[in-house]
Amino acid sequence: MSTVRRAAVVLVAASALALTACGPSEDGASGGPDVPTAAPTGSASPSASAEPTTPSTPSAPAKTSKPAEPTTPPAKPGKPTTDPDYDVFPCSTFDVTFTANLAEPTTSSYLLKITNKTGKPCRVLGHPVVTFGDLDGQATERGTAPGIEDAIRLAPGQSAYAGLMGGLKGPKSKTVSSIAMEMNTESDLTQVPLKASTPGLNVSEDNSVTAWVDNAEDALSL
């Protein structure tokens with residue numbers, strides 16, 4: 001081969017090599033793996049940006065309902081009593097007026113009388129408690145008295161009676177000009193004694209008083 005021809009072949013080969021080095025890679029031209037490129041930077045479009053959120057107001061805590069209270073069934077009315085006097089209490093000296101009238105001068109006996117001065121009835125129990133002026137002791141009870149169930153029901157304005165028997169005169173007897181009376185209430189109620197004038201009443205160990213009755217005649221005959 002001539003010298004000129006060899007030089008031309010060498011030049012062509014060198015040109016081919018240069019073109020290969022400067023041109024795109026075979027992989028890129030044929031759809032092979034691309035060289036990763038950096039994503040474009042910039043602000044997102046307005047339409048793609050998220051809308052600003054309004055902070056939500058914290059909701060109030062849910063109220064818890066109170067447990068239902070148990071209902072108590074209404075109380076049944078009590079059985080009505082058949083006793084019309086179940087609420088009638090014993091008479092005391094606060095409920096009555098008191099008098100003493102000479103009934104038998106020879107025996108110095110007095111008729112005791114109480115009258116209900118209130119606006120409601122009361123029960124007259126047992127015997128009156130009679131004391132003599134400033135002397136110690138009291139008249140003894142004469143006879144028996146009815147029980148509380150059979151006691152006198154003293155309506156407003158009504159009266160009950162008892163007989164006070166004078167004592168026998170003797171070396172130890174005394175006379176008083178007044179007596180005091182308290183009612184039997186079968187309780188520890190403190191009463192104010194009611195006084196009555198009894199001039200010349202003879203007081204001895206024989207003085208006695210009957211239970212309360214509803215008429216004067218029986219009071220003096222017991």
Side-chain angles (χ1 to χ4, degrees), residues 83-222:
D83 182 5
D85 295 335
Y86 75 97
D87 60 346
V88 178
F89 298 99
C91 302
S92 72
T93 56
F94 301 107
D95 304 314
V96 298
T97 59
F98 172 62
T99 60
N101 296 306
L102 183 61
E104 180 56 57
T106 57
T107 59
S108 189
S109 296
Y110 280 81
L111 177 66
L112 310 183
K113 178 182 176 181
I114 56 171
T115 302
N116 186 348
K117 66 178 182 179
T118 71
K120 58 184 180 180
C122 60
R123 294 182 189 271
V124 182
L125 304 183
H127 298 71
V129 180
V130 179
T131 56
F132 305 99
D134 297 330
L135 301 180
D136 294 331
Q138 63 188 50
T140 59
E141 295 180 355
R142 182 175 180 175
T144 59
I148 188 170
E149 298 83 3
D150 300 320
I152 299 172
R153 182 184 186 276
L154 202 64
Q158 287 187 337
S159 300
Y161 306 87
L164 176 63
M165 310 307 168
L168 298 176
K169 292 184 178 181
K172 295 183 179 180
S173 64
K174 297 181 179 180
T175 58
V176 294
S177 59
S178 66
I179 59 173
M181 186 278 299
E182 292 185 21
M183 299 294 295
N184 179 2
T185 62
E186 294 189 356
S187 70
D188 57 357
L189 174 68
T190 301
Q191 303 179 65
V192 177
L194 300 179
K195 295 183 178 182
S197 176
T198 56
L201 174 62
N202 193 60
V203 179
S204 69
E205 295 179 355
D206 301 321
N207 293 96
S208 61
V209 64
T210 67
W212 293 109
V213 293
D214 58 5
N215 65 86
E217 183 178 355
D218 288 345
L220 294 173
S221 61
L222 293 176

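Since this is a predicted model, take the numbers as computed values, not measurements. The figures here come from the full heavy-atom set of this structure, side chains too, leaving out hydrogens, waters and symmetry mates.
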Output every pair passing disulfide (SG to SG under 2.5 Å) with a member in residues 161-222, not counting sequence neighbours, ordered by first then second residue.
none
Quick test of your reading: applying disulfide (SG to SG under 2.5 Å), list the pairs with at least one residue in residues 99-166, sequence neighbours left out, ordered by first then second residue.
C91-C122
Suppose the criterion is side-chain hydrogen bond (donor to acceptor under 3.5 Å, both in side chains): which pairs have a residue in residues 203-213, not counting sequence neighbours?
none
So, R123 side chain and V88 main chain: donor-acceptor pair closer than 3.5 Å or not?
yes
Is the backbone of A145 close enough, under 3.5 Å, to the side chain of H127 for a donor and an acceptor to pair up by distance?
no
Can you name the side chain to side chain contact (heavy atoms under 4.5 Å, CB included) partners of P146, sequence neighbours left out?
D150
Could you tell me the separation between the OG1 atom of T115 and the CZ atom of F98, rounded to the nearest 0.5 Å?
11.0 Å
Side chains of I152 and Q158: does their closest heavy-atom pair fall under 4.5 Å?
no
Tell me which donor-acceptor pairs under 3.5 Å the side chains of residues 213-222 have, and how far apart each pair is, sequence neighbours excluded?
from : atom 1 : to   : atom 2 : distance (Å)
N215 : OD1    : E217 : N      : 3.4
N215 : OD1    : D218 : N      : 2.8
N215 : ND2    : D218 : OD2    : 2.8
S221 : OG     : E217 : O      : 3.1
S221 : OG     : D218 : O      : 3.4

Tell me if a side-chain donor or acceptor on E182 pairs with a main-chain N or O of V192 at a distance below 3.5 Å.
no
Does a sphere of radius 6.0 Å around NZ in K117 hold more than 12 heavy atoms from other residues, nucleotides or ligands, not counting ones at 6.0 Å or beyond?
yes
Side-chain donor-acceptor pairs under 3.5 Å in residues 99-111, sequence neighbours left out?
from : atom 1 : to   : atom 2 : distance (Å)
E104 : OE2    : T106 : OG1    : 2.6
T107 : OG1    : E104 : O      : 3.4
T107 : OG1    : S109 : OG     : 2.8
S108 : OG     : N202 : N      : 3.4
Y110 : OH     : P199 : O      : 3.1

N184: what forms a side-chain hydrogen bond (donor to acceptor under 3.5 Å, both in side chains) with it, not counting sequence neighbours?
none
Scan the side chains in residues 128-135 for donor-acceptor partners under 3.5 Å anywhere in the protein, sequence neighbours excluded, and list what turns up.
none

List, one per line, each side-chain donor-acceptor pair under 3.5 Å for residues 162-179, sequence neighbours excluded.
from : atom 1 : to   : atom 2 : distance (Å)
S173 : OG     : G170 : N      : 2.8
S173 : OG     : G170 : O      : 2.8

Quick test of your reading: applying disulfide (SG to SG under 2.5 Å), list the pairs with at least one residue in residues 175-219, sequence neighbours left out, ordered by first then second residue.
none
Carefully, step by step, assess K113 and T97 under the rule side-chain contact (heavy atoms from CB on, under 4.5 Å).
CA-CA 8 Å; K113 178 182 176 181; T97 59; over 6 Å; no
I need the L154 CG to S159 OG distance, nearest 0.5 Å.
6.5 Å
